[in-house]
There are 2 protein chains.
Amino acid sequence: MPGRRNVGSPWWHGRFRGGGYRLTVPRQAILNVLSRTSRHLSAEDIYLEVHKVHPHVGLTTVYRTLELLAEMGMIFKFDFGDGRARYELSEGPKSAHHHHLICTGCRRVIDYSGFMDEELEFLKRAEKGLAKKYDFEIKSHLIQFYGLCDKCRKKKAA
Amino acid sequence: MPGRRNVGSPWWHGRFRGGGYRLTVPRQAILNVLSRTSRHLSAEDIYLEVHKVHPHVGLTTVYRTLELLAEMGMIFKFDFGDGRARYELSEGPKSAHHHHLICTGCRRVIDYSGFMDEELEFLKRAEKGLAKKYDFEIKSHLIQFYGLCDKCRKKKAA
DNA sequence: TTGATAATGAAAATCGTTTTCAATAAGGAG
DNA sequence: CTCCTTATTGAAAACGATTTTCATTATCAA
Ligand SMILES: [Mn+2]
Ligand SMILES: [Mn+2]
Ligand SMILES: [Zn+2]
Ligand SMILES: [Zn+2]
């Protein structure tokens, strides 16, 4: 039965071995949760989700794992202004480079991935200019738009 | 002695009267601190600075005032990733629209105000496209670049 | 199978920020 | 100017997300 051996061995296994890290049950569970959702989960959200399958996994471990994954560049950590950090997978089959629209009325967060060509153009120029002007090497960027979603705009009008 | 009357009556006085707010000693002191610096102060930074002149002003009042000023749009509140909010005046004689370069090596924050024409171009297109695609009305934006400053880059090379 | 040690979990600690509540003071009315 | 309403304040306590501590457990290379 060839091909059966690697079932349950997702794409991220190699990343851990490389860094000298151990691939533990909590870490796999957390990565599974993150890879299944397109939402922007908090540490507690993830803890609760993991808890359904692995009730013994603690919130502390969730925090530690998220910190590690962020260091490894496997997840992004965001501050959308509601007092808790939120996380999402940075790579993998599903996720693509995107930014966020944040509704200041209802706190809804919308993934936004259009106009990446314009953005790339802007970033390329900025990167070059900033490197020269401030002797600063850009590694990553954060772009967020704040405003009102359709529902909140209609609510306001009423 | 015409012209003497308004000494000590800065440009922001009118903003308070308009909103039905009282222009108190702590609020003026906080605005004075913010208007004198180009740094990105935390609530405690501001508290300590105000404390030199007005030792009776409490940290609680600083937090409350900062919240009010942010609501009024007179200051911006930032998260540069060091676990505390940082503030800067959003308008006034000195400040101009700008964004931030954040060194992930030493946490230094550099004000960046070049290439605003490119940015404006990008934002204009994004705004229009997002309004149509997501029915979302952009009110403001946050752009931050992360990377390594000159000193940290040299340190790393050594 | 075994040993070194990375990783874990429960509880306590941390720390920036918010809430509580009685006392104070800004500023309009008279 | 004086009085009065009430917005504002300050000290202390509460809050809540995140981090630290430390004894126990589990990973995985040998
Ligand atoms: Mn997203
Ligand atoms: Mn700035
Ligand atoms: Zn909304
Ligand atoms: Zn640096």
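Per chain, numbering begins at 1; letters A, B, ... match sequence-line order. Because only heavy atoms are used, hydrogens play no part in the values below, and waters and symmetry mates are left out as well, while side chains stay in.
When the nucleotides dC21(C), dT20(D), dT27(D) are ranked by their closest atom to the side chain of T60(A), dT20(D) comes out on top. Set against dC28(D), dG10(D), dG27(C), the side chain of L23(B) has dG27(C) as its closest nucleotide.
Aromatic ring centres of Y87(B) and F78(B) lie farther apart than the 6.0 Å criterion allows.
When rounded to the nearest whole Å, the span between CG of D79(A) and P of dA17(D) equals 13 Å. Rounding to whole angstrom units, CG of residue L68(B) and P of dT9(D) are separated by 9 Å. L59(A) has its CG atom 16 Å from the P atom of dA12(C), to the nearest Å. Atom NE2 in H51(B) sits about 12 Å away from atom C1' in dG10(D), given to the nearest Å. Remark: P of dT8(C) and CD1 of I30(A) are 8 Å apart, rounded to the nearest angstrom. In this structure, Y21(A) atom OH and dA7(C) atom P are separated by 8 Å, rounded to whole Å. Distance CZ (R84(A)) to P (dG16(C)): 19 Å, rounded to an integer number of Å. When rounded to the nearest whole Å, the span between CZ of R64(A) and P of dT19(D) equals 11 Å.
The distance from atom CG of L101(B) to atom CD1 of I110(B), rounded to the nearest 0.5 Å, is 5.0 Å.
H99(A) and E119(A) share a donor-acceptor pair across their side chains, judged by distance under 3.5 Å alone. Between the side chains of H40(B) and E88(B), a donor-acceptor pair is found at a separation under 3.5 Å. In this model, no donor atom of one side chain and acceptor atom of the other lie less than 3.5 Å apart for E49(B) and H54(B).
Here H56(A) reaches the OP1 or OP2 of dG9(C): one of its side-chain N or O atoms lies under 4.0 Å away. Taking only side-chain nitrogens and oxygens, T24(A) never comes nearer than 4.0 Å to OP1 or OP2 of dA26(D). The phosphate of dT18(D) has OP1 or OP2 within less than 4.0 Å of a side-chain N or O from Y63(A).
Checked by distance alone, R17(B) brings no side-chain donor or acceptor within 3.5 Å of a matching partner on the base of dG27(C). With hydrogens and angles ignored, no donor-acceptor pair closer than 3.5 Å exists between the side chain of R22(B) and the base of dG28(C).
Within the nucleic acid shown, R27(B) comes within 4.0 Å of sugar-phosphate atoms alone, with no base atom in reach, counting heavy atoms only. At the heavy-atom level, G20(B) lies nowhere under 4.0 Å from the strands shown.
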